[in-house]
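Only one structure is covered here, and it is reproduced in the block below.
Being a predicted model, the structure only gives us computed values, none of them experimental. So you know, we letter chains A, B, ... as the sequences are listed, proteins then strands, and number each from 1.
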Amino acid sequence: MKTIKHIFPILCLVLTLASCSTEDDDLFEENPVADLLLVKSMTANDHTIEIYSADNQFTIGYNELAVRIKDNTTDTYFDNPTIDWTPVMHMTSMMHSCPKSTITNSEFPNVAKGFIIFQMPGNDTEYWDLKFNYEINGVSYEAMDIIDVLPPADGMKRVSSFMATDGSRYVLAMVSPSNPDVMVNDFTAALYKMENMMTFTPVENYTITVDPRMPGMGNHSSPNNEDLTYNSATQMYDGKLSLTMTGYWKVNLMLYNESGDVLKGETVTDTNPESSLYFDFEF
Amino acid sequence: MIPIKDLKGFLCPFLRVSFQQKLYLTLFFSALYLSSYGQEKKPNICAASCAMKCVEVCMDSTKIQRLSEVIVVAPKKKLTYQRQSKPLSSVDEYLEKAQQITMIKRGAYAWEPNVNNMATERLSVTIDGMRIFAACTDKMDPITSYVDVSNLSKVTVSSGQEGSEQGNCVGGAIDLELDKTGFKEDYLRVSIEDGFESNNEQKIVGADINFSDEKFYVDADIIYRDAENYSAGGGEEVLYSQFTKYNLSFNGGLLLNENSKLSATFIFDEARDVGYPALPMDVSLARGIIGSVAYEQVSLGPLTNWATKLYANSITHIMDDSQRPDVPIRMDMPGWSDTYGFYSQASLKKEKHQFLFKADGFYNRSLAEMTMYPNDPSQSPMFMLTWPDVRTLNTGIYVEDNIAFGKAKLKLATRLSYQNNFVADDFGLNSLQIFYPEMEASQNRFLSSVSLLYSKKVKSFDVSVGASYATRAPSVSEGFGFYLFNSSDNHDYIGNPELNNEQAIEFNGAVSYKSKKLKIGVSGNVFRMPNYIIGEVEQGLSTMTIGADGVKIYRNLNDATISNLYLNTEYKINKHLKWNGGISYHRGIDSDDRNLPFISPVAYGGALSYHKSTFTAGLEMQGATKQVNFNPIFGENQTDAYTVFGISMGKTFLISKNTFYVKAGVQNIFDTFYSTYADWNNIPRIGRNIHFTLSYKIG
Ligand SMILES: [Cu+2]
Ligand SMILES: [Cu+2]
């Protein structure tokens with residue numbers, strides 16, 4: 001078995017080399033979006049804007065996205081464009097945006113990266129669109145198209161948009177682990193405050209307590225979790241999430257402001273099996 | 001050196017089986033071994049070396065009787081076997097007869113033997129010197145459950161460091177010796193056994209064939225047992241106490257020349273549908289495949305009795321709860337334990353010294369998982385590794401020197417071992433790192449033991465005193481277990497890879513008097529155990545098992561002390577009638593004066609046995625006083641006193657040249673309802689039980 005393990009990659013390598021040797025050398029260059037899926041492409045201004053995600057769709061919650069812009073006339077990608085993006089949801093009675101990062105160039109000059117946190121899905125009458133304002137060689141362009149934002153395929157909750165006791169509206173999204181495992185997982189969440197319909201700003205120096213539970217097994221917890229605390233470098237909240245077995249977990253959360261007041265969530269007890277602020281997932 | 005031939009008896013005038021045929025048969029058994037871990041059994045020691053060994057063993061056993069108790073099971077199905085009140089009883093019932101052994105019961109099948117009130121982790125339990133490790137995280141399959149009376153000749157129970165010859169231990173050792181015909185001229189015997197027990201409708205059928213000549217032997221036997229639920233005293237049915245099991249074993253030997261022989265053993269044991277009334281789960285399958293090959297040579301330069309064995313065994317254990325009507329959650333818990341090992345040993349006699357040198361080693365792989373099925377069928381199953389594929393490599397040497405000084409003897413022994421534990425499964429390592437972030441996959445331990453025993457004969461008295469020091473490594477459960485539920489104290493247990501080795505400093509002494517009619521022996525031991533390993537409640541941890549009271553983590557206590565005192569008597573009333581009786585006292589406390597769990601109250605037993613030509617009869621009594629020292633922290637409650645009685649009768653008939661043997665008896669005559677301190681969750685013991693044994697031997 002071990003030998004096979006060793007032989008297999010060598011075999012693959014040999015085959016790859018053999019098959020590639022006749023082709024164009026470009027294929028040896030690392031493909032910056034190789035592990036990602038194309039979820040949307042927009043055509044405007046004789047350009048194609050390609051949006052990639054690890055997921056095969058725009059999903060409510062945290063979406064890490066890669067963007068590149070192709071010149072349709074030369075079939076090449078522009079290096080280092082300046083990009084700004086604005087997601088907007090058109091609801092029957094109003095319009096609003098959602099938390100997002102800036103979009104910045106990655107280690108590859110022709111790929112820009114950022115994230116968007118959609119707090120709700122679109123439906124038949126309400127939809128999201130995504131607008132790009134970008135500049136190439138000093139010329140500004142604009143592109144916009146409707147995007148489909150869907151609930152996650154597993155129906156689990158990885159984002160929460162809520163009104164807190166301080167009267168403000170917040171959006172809390174789970175960033176990682178994207179593939180939880182039986183271990184002490186690095187746990188990261190993003191917390192934004194809704195300043196107005198179109199502006200969401202990262203919240204600093206709050207605390208979010210973590211209490212993972214298995215409702216299918218008497219609502220047991222796990223040891224050695226660490227509360228989410230603010231990391232100024234990433235502008236996100238980092239903690240630890242211990243999962244002692246596979247299955248369905250509900251991560252009960254409580255949000256505290258800087259002075260220690262509970263803004264959202266309740267303590268889990270024998271009589272109160274869950275907090276109103278939580279994430280859940282199954283693995 | 002005694003030439004083998006002389007002891008083998010006279011040469012047979014003609015050989016019934018050609019050498020070639022023997023070779024083929026041996027190859028066949030070797031092939032069995034190779035194809036399925038068969039282990040080859042250490043061949044019978046050839047007659048010569050056996051005789052030499054026996055002389056020593058016998059000398060030992062008279063001198064230090066209390067230290068090595070030998071339970072005769074069924075050597076060649078001879079008379080001794082028929083004297084047992086219930087010849088086809090389980091191995092467990094035989095073991096329970098030994099004064100130093102107590103059996104923890106979780107049902108009617110597969111009891112866990114304790115020696116000196118210490119359980120599996122503190123003992124070395126071997127089959128013909130082979131290390132075998134159970135595959136159940138809940139101790140449902142002690143390795144004594146993978147043999148049966150059909151293939152055992154005797155069981156040697158050693159106290160304390162007298163047991164370290166077979167492996168690291170602190171409390172003692174149990175070695176189950178397989179029955180082998182050995183090299184006899186032109187010998188063929190077939191026997192068929194049949195047994196029935198009324199209480200649980202247990203049906204027992206067994207057969208064995210032994211064939212041998214001067215250069216070759218082969219034994220094959222099979223036994224099948226099938227039992228329904230038993231009823232406690234008073235008639236209450238104990239649900240989930242049924243079991244079915246069968247055991248097949250083969251062994252063969254080939255005399256290569258006058259100096260050497262080759263032998264092989266193979267055991268296949270399978271139990272199905274085994275109920276465990278004391279536990280929340282049952283067992284759908286427990287299977288052991290055990291094999292060995294051995295080479296023995298009478299002399300090797302100045303060394304004698306050189307024996308080398310290679311062995312392998314594979315245990316599969318599948319727990320399930322599908323028969324239980326209401327469980328909070330359905331789960332599957334399979335476990336596997338595979339062991340590969342060897343030993344090589346030889347003796348050396350030099351003037352007053354009699355040395356035994358032994359090198360041995362084993363490699364074990366223990367893996368167990370748990371899958372729980374949520375009551376909400378849309379949720380996916382929950383999975384964890386309860387034994388994270390722990391690989392244990394243990395190699396060691398054992399040296400013993402018996403020095404004779406006239407009527408006195410001094411025995412010095414030491415064992416030094418190196419042990420590596422490696423958690424091979426990353427999923428399991430990550431799981432444990434939730435509790436122990438610094439934990440590494442691999443850890444090494446050095447284990448040592450030394451002991452000395454001085455014994456002397458003074459007129460009709462034998463006196464002995466001994467002292468020893470030993471260490472042991474944590475077991476797989478203690479070191480690496482993950483949320484193992486203990487239904488006795490209702491806690492989940494987490495292993496602790498940071499445990500120190502447990503130590504034991506032991507002192508023992510014995511005096512026995514022997515006259516023609518009377519034997520009296522008193523013996524005692526005290527084990528002082530620094531770093532005693534036990535589970536302690538860890539506050540603030542959430543239980544995994546629904547309904548559990550808390551979580552315990554294995555810890556080293558500062559200290560614990562276990563002491564045992566035994567008195568036994570034997571009196572020959574007349575030529576035919578004999579009395580045996582014994583009483584024992586036990587105590588176990590830790591450094592905070594807390595009572596340790598599973599320590600016997602005062603226990604006593606007695607038997608009157610009658611034996612005249614072909615007729616045997618026996619009357620037995622067994623009991624214990626009310627338990628005074630118990631500890632609710634470890635799930636114990638007080639157990640009441642009890643005394644139970646049994647009776648049996650047997651008769652042998654000779655039909656032409658064949659032997660027909662009948663035995664019948666009653667256990668728990670008065671149908672007393674009782675349970676002992678060692679009955680897990682106080683499950684009651686079997687009520688009145690009438691048993692029959694029929695045995696027919698041809699040749
Ligand atoms: Cu669980
Ligand atoms: Cu089990």
Hey, what do you get for [atom1] ([X]) to [atom2] ([Y]), rounding to the nearest 0.5 Å?
X: Y436(B); Y: N224(A); atom1: OH; atom2: CG; value: 10.0 Å
X: M382(B); Y: T244(A); atom1: CE; atom2: OG1; value: 10.0 Å
X: N430(B); Y: N185(A); atom1: CG; atom2: CG; value: 8.5 Å
X: M372(B); Y: M245(A); atom1: CE; atom2: CE; value: 4.0 Å
X: M214(A); Y: I329(B); atom1: CE; atom2: CD1; value: 8.0 Å
X: M217(A); Y: T543(B); atom1: CE; atom2: OG1; value: 8.0 Å

Count the heavy atoms belonging to other residues, nucleotides or ligands that lie under 6.0 Å from [atom1] of [X], then report whether that count exceeds 12.
X: E438(B); atom1: CD; answer: no
X: N179(A); atom1: CG; answer: no
X: D376(B); atom1: CG; answer: yes

*Identify the two heavy atoms, one from S221(A) and one from S542(B), that lie closest to each other, and give their separation to 0.1 Å.*
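Scanning both residues, the minimum pair turns out to be N-OG, 2.6 Å.
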*asked:* Looking at every non-hydrogen atom in both residues, tell me the closest pair between I434(B) and V184(A) and how far apart they are.
replied: CA-CG2, 3.4 Å
*Flag the one option from P437(B), P381(B), P328(B) with the top tally of heavy-atom pairs under 4.5 Å to chain A.*
P381(B)
*Among P374(B), G540(B), S380(B), which residue forms the greatest number of heavy-atom pairs with chain A at distances under 4.5 Å?*
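Greatest number of close heavy-atom pairs with chain A: S380(B).
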*Can you say whether Y373(B) sits under 4.5 Å from chain A via the side chain, the backbone, both, or neither, judging by heavy atoms?*
neither
*For T386(B), is it the side chain, the backbone, both or neither that has a heavy atom under 4.5 Å from a heavy atom of chain A?*
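Neither; nothing under 4.5 Å.
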_Close approach to chain B in residues 114-124 of chain A, criterion heavy atom under 4.5 Å_ =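 Counting heavy atoms that sit under 4.5 Å from chain B, no residue of residues 114-124 of chain A is involved.
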*What parts of residues 266-283 of chain A touch chain B if we use heavy atoms and a cut-off under 4.5 Å?*
E282(A), F283(A)
*asked:* Any non-hydrogen side-chain atom of V182(A) less than 4.5 Å from a side-chain atom of F383(B)?
replied: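 Not touching, per the 4.5 Å side-chain cut-off.
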*Taking C-beta and beyond as the side chain, do M183(A) and Q433(B) meet within less than 4.5 Å on heavy atoms?*
no
*asked:* Please rank S242(A), P223(A), G216(A), G218(A) by heavy-atom pairs under 4.5 Å with chain B and give me the top one.
replied: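 Ranked by contacts with chain B, first place is P223(A).
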